Amino acid sequence: MAAPPPEPRVIEITARRFTFEPAEIEVAVGEPVRLMIHSADGVHGFEVKKLKVNKMIPRGGEAVTINFTAKEAGRFPILCSEYCGDDHDNMRGMLVVVAPEDGGEK
Ligand SMILES: [Cu+2]
């Protein structure tokens, strides 16, 4: 019998002027991840240039889902890609992708 595909790990993120919460997200290379991002105020954006991710986060709190599996380790800045006010340029987060642990459980 075929094994079912692995369930992604769900990470909830809140975008609000002018921050992402949590500001730093850590995932592992090869780990399927589902980001569920919602806005606590107006329109924001969620962009990770290196992963070619760019989604508009609407006002009203409805969650936007982004599924991805990181393929390389590193630190990837998260930007707000929709102008949201005076401190928009400082609205930053960080996606930290770590190499899979050696000797982990199979
Ligand atoms: Cu913003």
Side-chain angles (χ1 to χ4, degrees):
M1 278 191 282
E7 278 292 303
R9 180 159 64 97
V10 174
I11 301 174
E12 293 190 35
I13 301 168
T14 301
R16 61 159 58 95
R17 301 186 185 94
F18 297 94
T19 180
F20 294 100
E21 293 171 10
E24 188 168 298
I25 306 162
E26 186 174 304
V27 304
V29 173
E31 175 188 30
V33 170
R34 174 172 298 157
L35 305 181
M36 302 202 50
I37 311 161
H38 73 275
S39 169
D41 43 39
V43 175
H44 293 287
F46 184 96
E47 179 173 23
V48 183
K49 288 199 168 114
K50 199 75 187 284
L51 298 178
K52 296 190 172 64
V53 165
N54 190 355
K55 289 272 195 179
M56 195 257 271
I57 315 300
R59 75 174 70 237
E62 197 180 326
V64 172
T65 302
I66 300 173
N67 295 302
F68 75 96
T69 303
K71 293 187 173 57
E72 60 172 314
R75 294 174 65 85
F76 305 102
I78 299 166
L79 310 178
C80 180
S81 51
E82 296 282 335
Y83 180 77
C84 59
D86 286 346
D87 259 336
H88 164 76
D89 287 343
N90 294 321
M91 183 165 171
R92 294 287 158 89
M94 186 63 73
L95 172 70
V96 181
V97 182
V98 298
E101 290 172 49
D102 289 322
E105 290 174 294
K106 282 279 148 63

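Computed from a predicted structure; not experimentally measured. Just follow the structure's listing: the first ligand is 1, and inside any ligand the first atom is 1. Note that these values count all heavy atoms, side chains included, but never hydrogens, waters or copies made by symmetry.
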- Mind checking who shares a hydrophobic cluster with Tyr83, ILVMFWY linked at side-chain heavy-atom distances under 4.5 Å? none

- Task: Tell me, please, which residues at least two apart from Glu12 pass salt bridge (Lys or Arg N to Asp or Glu O under 4.0 Å).
- Result: none

- Query: Of all heavy-atom pairs between Arg34 and Asn67, which one has the smallest distance, and what is that distance?
  - Reply: NE-OD1, 2.8 Å

- Supply the atom-to-atom distance His44 NE2 to His38 NE2, rounded to the nearest 0.5 angstrom. 10.5 Å

- Item | Co-members of the apolar cluster containing Phe46 [side chain, <4.5 Å] | Ile11, Ile13, Phe18, Phe20, Ile25, Val27, Val29, Val33, Leu35, Ile37, Val48, Leu51, Val53, Ile57, Val64, Ile66, Phe68, Phe76, Ile78, Met91, Leu95, Val97

- Item | 4.5 Å side-chain heavy-atom contact, Lys50 and Arg75 | no

- Message: With 2.8 Å as the threshold, which protein atoms of type N, O or S lie near the Cu ion (ligand 1)? Leave waters out.
- Response: His44 ND1, Cys80 SG, Cys84 SG, Met91 SD

